[in-house]
Amino acid sequence: MAPGLVDPAVQKNTVQSLSEVTADYDDTLRFYLNGTRVVLDSADPEVTLLEYLRGIGLTGTKLGCAEGGCGACTVVVSQYNPTTKQIYHASVNACLAPLVSVDGKHVITVEGIGNVKKPHPAQERIAMGNGSQCGFCTPGIVMSLYALLRNDSNPSEHTVEEAFDGNLCRCTGYRPILDAAQSFSSKATCGKAGGGCCMEKKSEPVANGCCKGNTAMPNGCCKNTGVSDDQPIKRFTPPGFIEYKPDTQLIFPPPLRKHQFKPLAFGNKRKRWYRPVTLEQLLEIKHAYPSAKIIGGSSETQIEIKFKAVQYSASVFVGDIAELRQYSFKDDHLEIGGNVILTDLENIAKEAIKHYGPVRGQPFDAILKQLRYFAGRQIRNVGTPAGNLATASPISDLNPVFMASNAVLVTKSLKGETEIPMSQFFKGYRTTALAPDAVISSIRIPCASEKGEFFQAFKQSKRKDDDIAIVNSALRVALDDDHNVKNINLVFGGMAPTTVEAQNAVSYLIGKKWTDPASLEGAMNALEKDFDLRFGVPGGMATYRKSLAFSFFYKFYHEVLSKLDIKTTDLDSEAIGEIERQISFGKKDHDSAAAYEQRVLGKAKNHVAAMKQCTGEAQYTDDIPVQKNELYGCMVLSTKAHAKILSVDYSPAMDLPGVVDWIDHTDLPSPEANWWGAPKCDEVFFAVNEVFTAGQPIGMILADSAKHAEAGARAVKVDYEELPAIFTIEEAIEKESFYEHYRYIKTGDVDEAFAKCDHVFTGVARIGGQEHFYLETQACVVVPKPEDGEIEVFSCTQNPTETQTYVAQVCDVAANKVVTRVKRLGGGFGGKETRSVQLAAICATGARKTRRPVRCMLNRDEDIITSGQRHPFLAHWKVGVNKDGKIQAVDADIFANCGWTQDLSGAVVERSLSHSDGVYKIPNMFVRGRLCKTNTVSNTAFRGFGGPQGLFVAECYMEEVADHLGMPAEEFRSINMYKPGDQTHYHQELKDWHVPLMYKQVQEESDYARRRQEIEEFNKTHKWNKRGLALIPTKFGISFTALFLNQAGALVHVYHDGSVLVAHGGTEMGQGLHTKMTMIAAEALGVPLEDVHISETATNTVANTSATAASASSDLNGYAVFNACDQINKRLEPYRAKFGKDAPMSKLAHAAYFDRVNLSANGYYRTPDIGYVWGENKGQMFFYFTQGVTAAEVEIDTLTGDWTCRRADIKMDIGRSINPAVDYGQIEGAFVQGQGLFTTEESLWHRASGQIATRGPGNYKIPGFRDIPQEFNVSLLKDVEWENLRTIQRSRGVGEPPLFMGSAVFFAIRDALKAARKEWGVTDILKLQSPATPERIRISCADPILKRAYVEPREGERSFFVAI
């Protein structure tokens, strides 16, 4: 890591004058926290609000990303708003907020609004609506909802839908959270007594969210009474459910209403904070110390401090200067204070549109439009226009609007006032014309003319909400009465190092007639000169960015044309406007499990920890209270992709305050102890002499605080000699860089089949990797015990036993001396199956050396560069097919990018081979899998574990071959689909095979044929917007492919009082495993569900566990729990006979104990029948298959690549569900995660440095609340018999199988792109790579605008980013 960059050193005379200026400033922070007054006389100037809160034990607020991009740290800061003169409850990112920013305010955390015994309605409804799975993101989501309700107790549906744009969730798929939140909306409030919404009926737990959208409810939600919108609706909450009463919420503390904001100055030798409260005080500070860092929202500065180690010795918080937060309407312009928060700017813009009218108010409409998708609400609650301007980001959304509107910046210093036109403000990358001693006091934004002036703003990003722009623009033109251009501004962001005017296009258009088609053509030619991007341009995407600039102008040109009072055939009205989403909704089949419901099993039950998670009481690894003498670890990671280590000098770190020790490979008991990995032991914990990837651990600094450890790690100097590196699959193939592991599956004779069939087609399928992005990063706490070398490991791992094994290895003790404990994980998805072992073992090495507890929770960027991803895949396929559409043969070479070690790559590729048939009968098949060795992060398990990649290859060749044959893909799939009793290419018979039935049902239930016809009509009449439809089936084999892992143990204790304690080998990571296990035990023992408890997963209660993975955990652990309960039941038979079958367990257990009957049992289960032999192609590979079918519909804007999923209909065959509520949550969450894999989530490496570039929410885009299908329908297969299913309750595994259903969105996009290409006469086969990002969508179109934007690489030129 690079040494910290230090702000210019403070000159002694400057310090003196600064101390003179601030001599009378107060040094005490005063604020309220959850209703209690807090006075801090010695606040640490370097801690954020989040660090302060967690440091005093309020651990409900979580750290998810440290850059304000995930919302896990959301708290509410209630304050008097000097702009609106009202109390405002601002949701803010505590990870960014400096502690100084809360002086005189009321901080409210998730703990402050409710607890398990008395939850807030927001907490209760999210918990009961199944809106919490792993729960790590939940407190932040709860607080966003709380803030919404505090500011608007009767929000509209639209307001609710957009309330979470600054929050991310990786588990739920968002639908249940939105349903719970919509129960507070004005549309959802109820006007009738009794009954109420299904969300609110406590007697019937809310398994599947609100019934809104259910066909059985013609008026939508069951609460709707047909009352028209304009009638006042009385809010009604049925008995048993907490009513939301605005007048009973935490009040704004009365003393704060009288709080006198005093200027503050506090800090230490390293850093001082100043908080002036008047503009005069601020200018005095800037005069005395011009390089003092001005902080408004801290959204950029805190990221610089956290990730770039920039140190600002003097920081000035300006958020409490009322003079900078005013606004006024002048005759010809709006003047806003430089420090008006962006949330207020939204409201000011709305007010300005009313004040000036829609025509003169066009610039303010553009501001409003850009703010709608500007970051998340938490950022808009603190961010300011002056901050936007001063940071001079080339992709700022507001700066183009200010520039195009010819705004003037008013800057002030002690020397006086200066006006700077926006056109002269930006001087270069991140540099401006602002004088060092001046501040932006206000911005004057001119109104548009009453006549002849037109203004529009545009933005395109990877994801619609809360995302930085790829390209944005603000375009303004003023025309005379003859429609000649008087003056024009064409301003673009993302096209140059600064926000920039398209000078050539502007010069060309002045004086030109707007209505003349030649003006459009000439302007486009001029834009080509303005933006002649080269292929390797920083930031990449040269063709896409250029096409966006052209498309934005094209859209603007025709929008202006449409508003002119003329008739012209040159108007392209189809280019006008953007894709708009409706309020999302969905339905589920609540009766799917009714036929097989038992006393407990088969019923919809909430996640057992949901309420704890919603109130912030659920404890995660880093929430464990700090141990006495505890140390914090920070890894020193390689910055080179492949290099020799010449030297490591850690001595500079040892001189820093708080640093205690350094550990590396020399601190292990032997060189052999450094090696780890399963099944192939080919990875080292610490690099020795050579590094093979950027992000490989070299050592760890141990210090008395996390901040000191980070500073120490940055001070370690590592010298390298760089070596050649391999990144991509293609490079690995070219250089024959493979691991030895090789697998194939062969059935029939492909060569003979190819010779005999009517057609042979070839193609290539490519799918990128995927970052797990669990909200809780890798974390562990290792506690050495004083006796016998015992060690306790608290780790967020899916694999306690492997953690135990390798901790024992590095500590040189037997496994029986190590206990691994797991309470819960904040998401896992496979990323904590093996990769969690690395951190645990390194921390254990530190604990062993120092004999002190060691804690480490990785930052998001550290997690991404060390923990591996889903494997990118490349497949070369060849398909033989007859004229009737029957496939005769498939031959494929499948390659996976495994990274620098094998990890689980062999098994991942094996599963991909077994799923490369999709759901299709292929009589002759030969598929081969190779593991590519590259210098990238070691890729690992991820939900689906190679299955989605194999299935994707299958659906790619199905789509392309159907196109070759001129046959609808739906028909081609149907012709080749397996039938019951058929055998797969690895000779496994398909039993309980229901895909053909579901394929038919989904088409009927989703009205597929009618919609297909409507889409064809839509595409004929819409030139630029196209719709697509896809119907995708899946089968997913359930079992570990490694035979020995298919076993599980459980331990069940029954206590005197009848309560039951269950321990099993699986870990809870949000998937509801503990919920299902308690249900199985309750059903088996005949006790109430609330009498069964699972405390944790630990290696000293259940030994030799398999990882919680492969969607098999409910099957394996469920039967182990059942087996233990069965043993206890047999022992209790005499007592049931004596006391009656309905006797309470307390009575039975009490009597049995006094008769000396053992009330504990160790259960065990292993999966029968399976045991596949590779090469011989014999034996059963999987115990059974989970199946599903999904129909998805999308709409794309071919001018920008923007898209939306209009509808998705998912049907899964999961057997007899143990808990439909949990299973629906798994299906929705997996689908949305799969949608991300195939659309928005793109991992990119920076070619020059060899480091991963997409290392946080800022540039890696998982789907957000507004990315889910607008209509999201899910159902479970019912009314069939599962005759051959021998699992607990006859249920099927559900965690992984639905993920591939997200590919339906990808193939629907492909369908829409085929229509787009056909529009321009291009009918060749579309080869679309995954993910289908907006860039890929746009570049796959074949229109003339794209062609003129196309950028070819010059000789030797390579792209800025590389996709591996």
Side-chain angles (χ1 to χ4, degrees), residues 115-119 127-128 202-205 240 597-612 617-619 821 823-824 1048-1066 1068 1072-1098 1100-1102 1114 1117-1165 1218-1219 1221-1222 1288-1289:
N115 55 48
V116 167
K117 291 181 178 174
K118 194 179 178 184
M128 288 179 60
K202 265 205 167 163
S203 57
E204 293 295 323
E597 265 186 20
Q598 299 178 50
R599 185 180 60 84
V600 179
L601 292 180
K603 288 188 173 174
K605 301 284 185 184
N606 295 132
H607 193 291
V608 287
M611 195 65 80
K612 289 194 282 280
E617 292 166 76
Q619 190 182 71
R821 299 186 183 281
K823 187 75 174 175
R824 60 173 57 80
L1051 182 63
V1052 176
H1053 298 310
V1054 178
Y1055 293 97
H1056 273 265
D1057 61 357
S1059 64
V1060 179
L1061 181 66
V1062 174
H1064 61 90
E1068 175 60 55
L1073 182 60
H1074 284 356
T1075 306
K1076 287 185 175 181
M1077 296 306 100
T1078 55
M1079 290 174 73
I1080 288 166
E1083 185 75 56
L1085 293 171
V1087 298
L1089 183 59
E1090 54 271 21
D1091 286 359
V1092 184
H1093 180 61
I1094 295 175
S1095 173
E1096 63 179 0
T1097 307
N1100 61 348
T1101 52
V1102 179
S1114 290
N1117 294 291
Y1119 251 132
V1121 170
F1122 180 81
N1123 175 252
C1125 293
D1126 192 47
Q1127 294 172 45
I1128 292 170
N1129 277 334
K1130 283 176 181 161
R1131 296 172 201 159
L1132 292 177
E1133 274 175 9
Y1135 303 95
R1136 285 204 166 99
K1138 180 178 178 182
F1139 298 119
K1141 62 181 178 64
D1142 296 326
M1145 181 59 77
S1146 54
K1147 194 169 187 177
L1148 302 174
H1150 195 69
Y1153 170 75
F1154 281 101
D1155 284 346
R1156 295 185 296 172
V1157 171
N1158 183 5
L1159 292 173
S1160 296
N1162 184 8
Y1164 181 76
Y1165 173 75
I1218 294 172
N1219 183 334
V1222 167
I1288 195 87
Q1289 168 81 356

Taking atom NE2 of H1074 and atom CD of E1096, what is their separation to the nearest 0.5 Å?
9.0 Å
Report the distance from atom CD1 of I1080 to atom CD1 of I1218, rounding to the nearest 0.5 Å.
4.0 Å
Could you measure the distance from the OH atom of Y1119 to the SG atom of C1125? Nearest 0.5 Å is fine.
13.0 Å
How many angstroms lie between OG in S1095 and CZ in R821, if you round to the nearest 0.5 Å?
8.5 Å
Closest heavy-atom pair, S1146 versus D1057, reported as atoms and distance to 0.1 Å, is CB-O, 3.3 Å
Any donor and acceptor pair, going by atom type alone, linking the side chain of D1155 with main-chain N or O of V1157 inside 3.5 Å?
no
Does any N or O in the side chain of N1129 come within less than 3.5 Å of the main-chain N or O of A1084, such that one atom is a donor and the other an acceptor?
yes
Look at the side chain of Q1127 and the backbone N and O of A1161, then say whether any donor-acceptor pair between them is shorter than 3.5 Å.
no
Is any side-chain heavy atom of V608 closer than 4.5 Å to one of E1068?
no
Is a side-chain donor or acceptor of K603 paired with a backbone partner of N1219 at a separation under 3.5 angstrom?
no
Point-to-point distance, once rounded to the nearest 0.5 Å, from CD1 of I1128 to NE2 of H1053
9.0 Å
Residues two or more places apart in sequence or in another chain: which of them pass ring pair (Phe, Tyr, Trp, His ring centres under 6.0 Å) with H1150?
H1056, F1154
Any donor and acceptor pair, going by atom type alone, linking the side chain of R1136 with main-chain N or O of A1143 inside 3.5 Å?
no
Sorted by chain and number, sequence neighbours left out, ring pair (Phe, Tyr, Trp, His ring centres under 6.0 Å) with Y1135 holds for none
Do Q619 and K612 have side chains that approach each other closer than 4.5 Å (heavy atoms only, starting at C-beta)?
no
Give the minimum heavy-atom separation between G1049 and A1120, together with the two atoms involved.
C-CB, 3.8 Å
Quick one about Q1289 and E1083 (side-chain donor to acceptor, distance below 3.5 Å, no hydrogens or angles considered), yes or no?
no
Of all heavy-atom pairs linking V1087 and G1058, the shortest is CG1-O, 4.5 Å
May I ask you to test the V600-Q598 pair for a side-chain heavy-atom distance under 4.5 Å?
no
Between E597 and L601, is there a donor-acceptor pair closer than 3.5 Å when you use the side chain of the first and the backbone of the second?
no
Test item: L1132 and M1145 side chains (from C-beta on) under 4.5 Å apart, heavy atoms
yes
Residues N1162 and A1124: closest non-hydrogen pair is C-CB, 4.3 Å
Partners meeting side-chain hydrogen bond (donor to acceptor under 3.5 Å, both in side chains) with R599 (sequence neighbours left out)
none
Looking at side-chain heavy atoms only, is the closest gap between N1123 and Y1165 below 4.5 Å?
no
Would you call K1076 and N1117 a side-chain contact if the rule is heavy atoms closer than 4.5 Å?
no
List for me each residue that meets side-chain hydrogen bond (donor to acceptor under 3.5 Å, both in side chains) alongside Y1164, sequence neighbours excluded, and say none if there are none.
Q1047
Does D1091 reach the side chain of V1060, with side-chain heavy atoms less than 4.5 Å apart?
no
Counting N and O atoms only, with roles assigned by atom type, does the side chain of T1078 sit under 3.5 Å from a partner on the main chain of H1093, one being a donor and the other an acceptor?
no
Sidechain-backbone polar pair: E617 side chain, V116 backbone, donor-acceptor under 3.5 Å:
yes
Run the salt bridge (charged side-chain N to carboxylate O under 4.0 Å, His left out) test against K1130 and tell me which residues pass, sequence neighbours left out.
D1126
Separation of Y1153 OH from L1159 CG (nearest 0.5 Å)
9.5 Å
Between I1288 and S1114, what is the shortest heavy-atom contact and its length?
CG2-O, 3.9 Å
The criterion is side-chain hydrogen bond (donor to acceptor under 3.5 Å, both in side chains); which residues satisfy it with N1158, sequence neighbours excluded?
none
